[in-house]
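Before any comments, here is the structure.
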Amino acid sequence: MSWGRRGGSRVRRFFRAGAAIGLSVLLVGSIGLPAGAAPKYPSKKEVDKAKHAAESSAGSAAAMKKKLAAAQATLAKLDDQAETAVEAYNGALVRLAAAKKAYTQARQRAADSAQSVEQARKRIGNVASTAYAGGGVAQYVTMFAGKDPQSVLDSAGTITALGQQTSGELDKLKAAKVVQNVLRRQAASALSAQRKETARVAAAKKVAEQKVAAQQKVIGSVAALASKLAKQADADAAQASSLAEKRRRGIAAAKAEAARKAALAAKKAAEAAAAAAHHHNGGGGGHHYNPPSFGHGVNGVIRFARAQLGKWYLWAADGPDRYDCSGLTMRAWQQAGVSLPHWSVGQWYATRRVSLGNLRRGDLVFYANNTSNPNSIHHVALYIGGGRMIEAPHTGAQVRISSIWRPGLIGAGRP
């Protein structure tokens, strides 16, 4: 026989018992959870602060890593410039060596030219000595005073030849001096120019090498700082992760403890309510719906709902053989000592709102004709995780497992 079809007195007794259970849960729960108890896990503010520090450290490390990459790119360019300068210097050294060799050869040629000049001078001296031997001008007077005309002519030809020979030697002397001066000037000029070029590229090489050395120092300091920041970022990330995990475990432990205390309180309250109901009914008689015991807490709620799978839907029924939607959720949560009205709209207002993204097993999901108006709710089901729910759907259907994602989903509530 359906419990929901009993008389008005039975309904009133059920709600009085439910109210007694709810009040007892609140009272016992209040005693079990003293106000002002210090949390044993990090606060959300502490976790958020650690996360912010980790994000800041990660940003600093990333920025320094980027700066290090830029510094290394600059060093690569400077290395190229230094290599170019070094190679230019090497080339200048090669050309300087060639200029020195050319200068040495020019000096040798100049020395050879000086020897030619000296030889020319000696030949001119010999000609003059021959021409003027025996008294100089007197020789010419004697030569022209001869009685033999042919001898006079011979003497005159000799003087002419001597003059021509002397002129040729003088020309050679002049040419040798010109060559000597040209060779000296060219060799000296080439050597001077190459020395200047070598000094210039040596200075450029030195500047390039100084730039490379300075950039290497910059990279050393930036790399050290980047390494330090990376280690700090890793440490901050580990700290944030550790605090978040401690908070998660602490919250889970606190909820488990609260559920344990609530289950204990519900059990005591249910026993007290049962005793009160028994006393109100005169110690016996009557037909009551006594749902099977499936344990306490959310697991017991879901175990009870699963046990009803396959049972047929019946409007206004709340077990044990048939259910409507709110009758099934009411009976399921009764396993944890929670009293809910047999009415989907009433269950909406009797539960705390939770976002669909924060659903937990045991939460109730509601469906409405107008998702902006809770008073238009027409269906409620029990969430079991993974986007699924257990529901007593409609006339002609059985209690089943379905997806929660369907039109009309207005929200969720947590008993």
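Heads up: numbering here begins at 1 and tracks the sequence.
When the options Tyr367, Phe366, Trp343 are evaluated for a ring pair (Phe, Tyr, Trp, His ring centres under 6.0 Å) with Trp348, the one that passes is Phe366. Paired with Ser376 under the rule side chain to side chain contact (heavy atoms under 4.5 Å, CB included), one option of Thr371, Val345, Asn369 passes, and it is Asn369.
Panel note: side chain Thr104, backbone Lys100; a donor-acceptor pair is recorded below 3.5 Å. At least one donor-acceptor pair closer than 3.5 Å links the side chain of Asp363 to the backbone N or O of Arg360. Judged by distance alone, the side chain of Arg353 and the main-chain N or O of Ala412 form a donor-acceptor pair under 3.5 Å. A donor-acceptor pair is defined here as one N or O able to donate and one able to accept, closer than 3.5 Å; no such pair exists between the side chain of Arg322 and the backbone of Trp312. For the pair Thr329 (side chain) and Ser326 (backbone), a donor-acceptor distance under 3.5 Å is present. At least one donor-acceptor pair under 3.5 Å links the side chain of Thr351 to the backbone N or O of Gln347.
Within 6.0 Å of NE2 in His394 there are more than 12 heavy atoms belonging to other residues, nucleotides or ligands. Heavy atoms of other residues, nucleotides or ligands lying less than 6.0 angstrom from NZ of Lys311 number more than 12.
Arg331 and Tyr323 make their closest contact through CG-CE2, 4.0 Å (heavy atoms, listed as atom of the first residue, atom of the second, distance). Scanning all heavy atoms of the two residues, the minimum distance from Cys325 to Ala392 falls at CB-O, 3.6 Å. Considering all non-hydrogen atoms of both residues, Gly386 and Tyr383 come closest at N-OH, 3.3 Å. The shortest heavy-atom contact between Ala99 and Gln194 is CB-CB, 3.8 Å. Minimum heavy-atom separation, Leu243 to Val47: O-CG2, 3.8 Å. The shortest heavy-atom contact between Val212 and Ala82 is CG2-CB, 3.6 Å.
For the pair Asn375/Tyr349, a side-chain contact is recorded, criterion being any heavy-atom separation below 4.5 Å from C-beta on. Between Val338 and Val301, every side-chain heavy-atom pair lies at or beyond the 4.5 Å cut-off.
By the salt bridge (Lys or Arg N to Asp or Glu O under 4.0 Å) test, Arg406 pairs with Glu391, sequence neighbours left out. Glu209 pairs by the side-chain hydrogen bond (donor to acceptor under 3.5 Å, both in side chains) definition with Lys205, not counting sequence neighbours. Take Glu46 and apply the salt bridge (Lys or Arg N to Asp or Glu O under 4.0 Å) test, not counting sequence neighbours, and it matches no residue.
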